[in-house]
Amino acid sequence: MSKSLSPIVEPLLNWFDQNKRVLPWRQDKEPYHVWISEIMLQQTRIEAVMGYYARFLEALPDVESLSKVDDDALMKLWEGLGYYSRARNLKKAAIVITEEYGGEFPQAFIELKKLPGIGEYTAGAIASICFDEKVPAVDGNVLRVIARVQGSRDNVLLPQTKKTVTEQLKKIMPQRAGAFNEALMELGELVCLPNGAPLCESCPLQEHCTAYKKGLTEQIPVRVKKMKRKRADKSVFMITDPDGRIAIEKRPDTGLLSGMYQLPNVEGFHTDDELQEILRQWELVPIDIVFTKEAKHVFTHIDWYMKAYHVTVTEHNDRFIWVTEDKLKNSYPLPTAFQKLL
DNA sequence: CACGCGTGGCT
DNA sequence: TAGCCAAGCGT
């Protein structure tokens, strides 16, 4: 259980009042203006948005004009910004607002979130900034600031971490909900910087910040990427000679499972004819080849999909080490991946 | 929940 | 030069 965030509210609001940047979409709290800017700013840097925002509002100054815009004209306004479904969703939402809400912009978080392209963050941003509804708006900046303040080592890339932070912020949302949310984001962007040293000497939350006090601002936030594993298919042989000994070999002394032993295997899945040929190249004479089982083994960075074959051969050779099952179990380190096939 | 969606800036 | 990274939404 971490302690309440409530002590950060006042210093943060005071700092924001002194330091907020002047930005085109901060000139008023028109929901339409805030909406367009929030959508454009999704995954997109402020500098990139600047030019587009002014041009977009000039061409489409309100919900009604957006709801009627020609698709090509709309995409032309978005050309180069990326994530084009954002633009298509804007128009869809404008039509919904026109048809379902009589052209009046929904005000409640719960209603905003129903609109196409408006998710948890954007609904929170519009509801708080335009209407001071006490809902959080948790983006990457906010996650970083809160993780450091709390000294939390939770992986901020996990949805669960965002949920937890959202719940904690809900409890402390002040009257000035919009200013508070903007302040957290602004602090993240201007002071509580992601890379290199954050500007802790000018941070209004310094005395409330666990990461600062413990010198952990470089370690926090924790961002553990989910490793996207490659897939490798393997055909694995359990080869037995007339004495019932099993063929194994030693793996190279570098790389994956270095220095351990393994059952003979080849890359990929193969037809019976191909399997015969592989064994022949190993100078083995198979009496029969029987598919036994398949198994999957997950490493941190690779998934092995294995098909195992039991092969009986006429005689052993020197290409492999031939061992009894007992000796294999007791004397040779065999990775779990291969144990699964025995 | 994991993935794909665009682009530009960084190393 | 190519690869990594950003941190919202819909599916």
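Because only heavy atoms are used, hydrogens play no part in the values below, and waters and symmetry mates are left out as well, while side chains stay in. Only a predicted model underlies this, so the values are computations on that prediction, with no experimental measurement involved. Per chain, numbering begins at 1; letters A, B, ... match sequence-line order.
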Can you measure [X] atom [atom1] to [N] atom [atom2] for me and round it to whole angstrom units?
X: A/Ile126; N: C/dC9; atom1: CD1; atom2: C1'; value: 13 Å
X: A/Lys113; N: C/dG8; atom1: NZ; atom2: P; value: 15 Å
X: A/Leu158; N: B/dA2; atom1: CG; atom2: C1'; value: 12 Å
X: A/Leu193; N: B/dG9; atom1: CG; atom2: C1'; value: 16 Å
X: A/Leu112; N: C/dC9; atom1: CG; atom2: P; value: 12 Å
X: A/Gln43; N: C/dA7; atom1: CD; atom2: C1'; value: 5 Å
X: A/Tyr84; N: B/dG4; atom1: OH; atom2: P; value: 19 Å
X: A/Asp154; N: C/dA7; atom1: CG; atom2: P; value: 19 Å

Item checked: Toward the 5' end of DNA chain C, by each residue's nearest nucleotide, A/Arg223 or A/Pro116 ->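 Its nearest nucleotide being more 5', the pick is A/Arg223.
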Check: Taking the nucleotide of DNA chain C with the closest heavy atom to each, which residue, A/Arg45 or A/Leu115, is nearer the 5' end?
Finding: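 Nearest-nucleotide comparison on DNA chain C picks A/Arg45.
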Next item on the list: Among C/dC9, B/dC5, C/dA7, find the nucleotide with the atom closest to the side chain of A/Tyr83.
Entry: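 Among the listed nucleotides, the one closest to the side chain of A/Tyr83 is B/dC5.
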Item checked: Residue A/Gln42, side-chain heavy atoms: nucleotide from C/dG8, B/dG6, C/dA7 that is nearest ->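 That would be C/dG8.
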Check: For the residue pair A/Trp78 and A/Phe56, does the interplanar ring angle fall in the parallel (under 30°), tilted (30 to 60°) or perpendicular (over 60°) class?
Finding: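 Correct class here is perpendicular.
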Next item on the list: Could you tell me whether A/Glu186 and A/Lys20 have a side-chain N and a carboxylate O separated by less than 4.0 Å?
Entry: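 A/Lys20 and A/Glu186: not salt-bridged.
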Item checked: Residue among A/Leu60, A/Asp62, A/Leu66 satisfying side chain to side chain contact (heavy atoms under 4.5 Å, CB included) with A/Glu64 ->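 It is A/Asp62; the other options fail the test.
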Please classify the nucleic acid contact of [X] as base, sugar-phosphate, or nothing, using heavy-atom distances under 4.0 Å.
X: A/Glu120; result: sugar-phosphate
X: A/Ile118; result: sugar-phosphate
X: A/Tyr121; result: sugar-phosphate
X: A/Thr122; result: sugar-phosphate

Item checked: Main-chain N/O of A/Arg176 paired with A/Asp132 side-chain donor or acceptor, under 3.5 Å ->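 No.
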Check: Is a side-chain N or O of A/Glu274 found less than 3.5 angstrom from the main chain of A/Thr271, in a donor-acceptor match?
Finding: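 At least one qualifying donor-acceptor pair exists.
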Rounded distance in Å between the [atom1] positions of [N] and [M]:
N: C/dA7; M: B/dT11; atom1: P; answer: 16 Å
N: C/dC4; M: B/dG4; atom1: P; answer: 15 Å
N: C/dT11; M: B/dG6; atom1: P; answer: 14 Å

Checklist line | A/Arg88 or A/Lys163, whichever maps to the more 5' nucleotide of DNA chain B | finding: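 Closer to the 5' end of DNA chain B: A/Lys163.
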Notebook entry, point to check: Between CZ of A/Arg86 and CD1 of A/Ile39, what distance do you get to the nearest 0.5 Å?
Noted result: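 Here the interatomic distance stands at 8.0 Å.
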Item checked: G-U wobble or Watson-Crick pairing nucleotide for B/dC1 (cut-off 3.5 Å, both distances) ->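 Looking at the geometry, B/dC1 pairs with no nucleotide.
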